[in-house]
Amino acid sequence: MDHPFAPELLIEEIGAVRLVTLNRPEAMNATNEALHGALIGVWKHLAADPDARAVVLTGAGRAFSAGGDMEHFVELWNDPASRQKEIDGAGQLLREILAFPLPLVAAVNGPAVGLGCNLAASSDVVLIAESAFLQDPHVGVGLTAADGGAPTWPLLMGMLRAKEYLLTSKRIPAATAVELGLATRMVPDADLLAEAVKVAERLAAQPPQAIQSTKRALNMHLERAISGVIEYALSEEFKSFDTSEHQALVTSFLERSKQKSAASA
């Protein structure tokens, strides 16, 4: 279908299902400014499609999404206007997903980290490949866990478990993600996309008014839970970019990445 979000997002029509693919495989679908903007805008576009009844969200290549692009973080250090736009966009993205009327199935085909993890966990059905994992490493890179983790995880998995995984940045293997309530069920890697489309087709076949209003009622719990929390967390994340700890951690990460690339060349 024609859309203004290419090449960062691919949108494929499968009957009444729309398959949306994050399309920066060379960067493990990490979100730079262009992909972040596309993710904010795509939901209203899909909701306006009169023939769409359900959506599948997945990633191109071997990752669902590696979260924020570290090189993009560096760009934000000395550009407070762009940083504020990004922070505002993070809040808008979460609200757009929660307000999106159509059933949303996440097909987590590989690592879903940071924003990628919270994109998945904000979906209505989350199918995760056996080899995949979830992780919100905001704290581990010196940032406030604002765009999904701190606002929504306590409601999904309970406060103590949310604290453990958010404050330590621990990886969450697929089976554990299901146990915690961050994923619906685990699927063999080779079957993931077909199973996600199958689930989406079943959702698409439900009476539209009934399924959309029921989803809306359910998401009101999340919307009320994040009110106030996300505003505070995002304002603190803005400040996090100025801390010496965050800048040192990102610089170290980028240096290690360059060394690995040089060694493998």
Assess whether salt bridge (charged side-chain N to carboxylate O under 4.0 Å, His left out) is satisfied between Glu255 and Lys258, documenting all intermediate values.
-> CA-CA 5 Å; Glu255 287 175 352; Lys258 289 177 182 176; over 6 Å; no
Non-hydrogen side-chain atoms of Leu134 and Leu180 separated by less than 4.5 Å = no
Which is it for Leu166 and His138 under the side-chain contact (heavy atoms from CB on, under 4.5 Å) test, yes or no, and what are the steps along the way?
-> CA-CA 8 Å; Leu166 289 170; His138 276 78; over 6 Å; no
Kindly say whether Ile172 contributes a backbone atom to a donor-acceptor pair with the side chain of Thr176 at under 3.5 angstrom?
-> no
Passing candidate, side-chain contact (heavy atoms from CB on, under 4.5 Å) with Val55, options Asp124, Ile11, Leu46 = Leu46
Considering only heavy atoms from C-beta outward, does the side chain of Leu39 approach that of Leu9 to under 4.5 Å?
-> yes
Approximate separation, where rounding is to 0.5 Å, of Leu182 CG and Ile128 CD1 = 8.5 Å
Below 4.5 Å, heavy atoms only, C-beta onward: do Phe133 and Val108 meet side chain to side chain?
-> no
Derivation of the salt bridge (charged side-chain N to carboxylate O under 4.0 Å, His left out) call for Lys198 and Asp191 | CA-CA 11 Å; Lys198 181 179 176 182; Asp191 300 336; over 6 Å; no
Find the distance between CD (Glu164) and CG (Leu160) and round it off to the nearest 0.5 Å.
-> 9.0 Å
Does one side chain, of Ser240 or Thr144, offer a donor that lies under 3.5 Å from an acceptor on the other?
-> yes
Sub-3.5 Å donor-acceptor pair from the side chain of Lys215 to the main-chain atoms of Leu102, do we have one?
-> yes
Show me the side-chain donor-acceptor pairs of residues 86-97 shorter than 3.5 Å, one per line, residues at least two apart or across chains.
unit_1 : atom_1 : unit_2 : atom_2 : d
Glu86  : OE1    : His72  : NE2    : 3.1
Glu86  : OE2    : His72  : NE2    : 3.2
Asp88  : OD1    : Gln84  : NE2    : 2.9
Arg95  : NH2    : Glu231 : OE2    : 2.6
Glu96  : OE1    : Lys44  : NZ     : 3.0
Glu96  : OE2    : Lys44  : NZ     : 2.6

Answer yes when Arg161 and Glu179 have at least one side-chain N-carboxylate O distance shorter than 4.0 Å, and no when they do not.
-> yes
Heavy atoms only: give me the nearest Ile226-Leu98 pair and the separation to one decimal.
-> CD1-CD1, 4.0 Å
Do Val42 and Phe5 come within less than 4.5 Å of each other through their side chains, counting heavy atoms only?
-> yes
Side-chain touch Val125/Leu127, heavy atoms, less than 4.5 angstrom | yes
The reported gap from CD in Glu223 to CG in Asn219 (rounded to nearest 0.5 angstrom) is 6.0 Å
Is there a side-chain contact between Val141 and Met70 (heavy atoms, below 4.5 Å)?
-> yes
Joint hydrophobic cluster, Val20 plus Ile40, side-chain heavy atoms closer than 4.5 Å | yes
Residues Arg185, Glu195: salt bridge by 4.0 Å N-O rule | yes
Can you name the nearest heavy-atom pair linking Ala145 to Pro151, along with the distance?
-> O-CD, 4.0 Å
May I ask you to decide if Leu249's main-chain N or O and Ser252's side chain share a donor-acceptor pair within less than 3.5 Å?
-> no
Sequence neighbours excluded - salt bridge (Lys or Arg N to Asp or Glu O under 4.0 Å) pairs with any residue from residues 66-80 = Arg24-Asp69
Rounded distance [0.5 Å steps], CD in Glu8 versus OG1 in Thr21 = 13.5 Å
Would you say the side-chain atoms of Asp189 pair up with the backbone N or O of Glu130, donor to acceptor, closer than 3.5 Å?
-> yes
State whether the side chain of Ser122 and the backbone N or O of Leu119 hold a donor-acceptor pair below 3.5 Å, judged by distance alone.
-> no
Could you grab the distance from atom CD of Gln135 to atom CZ of Arg171, nearest 0.5 Å is fine?
-> 5.5 Å
Considering residues at least two apart in sequence or located in another chain, which fulfil the side chain to side chain contact (heavy atoms under 4.5 Å, CB included) criterion with Asp51?
-> Arg18, Asp49
Under 3.5 Å, is there a donor-acceptor pair between the side chain of Asn29 and the main chain of Ala60?
-> yes
Test Val113 against Phe64 for side-chain contact (heavy atoms from CB on, under 4.5 Å), laying out the working first.
-> CA-CA 8 Å; Val113 178; Phe64 183 78; over 6 Å; no
Indicate yes or no for a side-chain donor-acceptor contact from Arg83 to the backbone of Leu76 under 3.5 Å, with no hydrogens or angles considered.
-> yes
Heavy-atom closest contact (Pro111 atom, Met28 atom, distance) = CG-CE, 4.1 Å
Ring centres of Trp77 and Phe241 under 6.0 Å apart?
-> no
According to a 4.5 Å side-chain heavy-atom criterion applied to Ile, Leu, Val, Met, Phe, Trp and Tyr, with indirect links allowed, do Ile211 and Val105 form part of one hydrophobic cluster?
-> yes
Is there a donor-acceptor pair closer than 3.5 Å between any side-chain N or O of Thr31 and the backbone N or O of Gly67?
-> yes
Check for a donor-acceptor pair, side chain of Asn109 on one end and backbone N or O of Gly61 on the other, with a separation under 3.5 Å.
-> yes
Which pair of non-hydrogen atoms, one from Leu203 and one from Ala54, has the smallest distance, and what is that distance?
-> CB-CB, 4.5 Å
Identify the two heavy atoms, one from His221 and one from Ala217, that lie closest to each other, and give their separation to 0.1 Å.
-> CD2-O, 3.8 Å
Does the side chain of Ser65 reach to within under 4.5 Å of the side chain of Leu115, using non-hydrogen atoms?
-> no
Side chains of Asn118 and Trp153: donor-acceptor distance under 3.5 Å anywhere?
-> yes
Among the clusters formed by ILVMFWY side chains lying less than 4.5 Å apart, do Val126 and Met157 turn up in the same one?
-> yes
Does the side chain of Leu155 come within less than 4.5 Å of Leu222's, by heavy atoms?
-> yes
On a heavy-atom basis, the closest approach of Pro101 and Gln212 is O-CG, 3.3 Å
Determine, step by step, whether Val17 and Glu12 satisfy the side-chain contact (heavy atoms from CB on, under 4.5 Å) criterion, reporting the C-alpha distance in whole Å, the side-chain angles of both residues, the deciding distance to 0.1 Å, and the verdict.
-> CA-CA 8 Å; Val17 173; Glu12 179 184 349; over 6 Å; no
Is there a path of hydrophobic side-chain contacts, each under 4.5 Å between heavy atoms of I, L, V, M, F, W or Y residues, that connects Leu156 with Val229?
-> no
Got a second to check how far Lys85's NZ is from His36's NE2, nearest 0.5 Å?
-> 11.0 Å
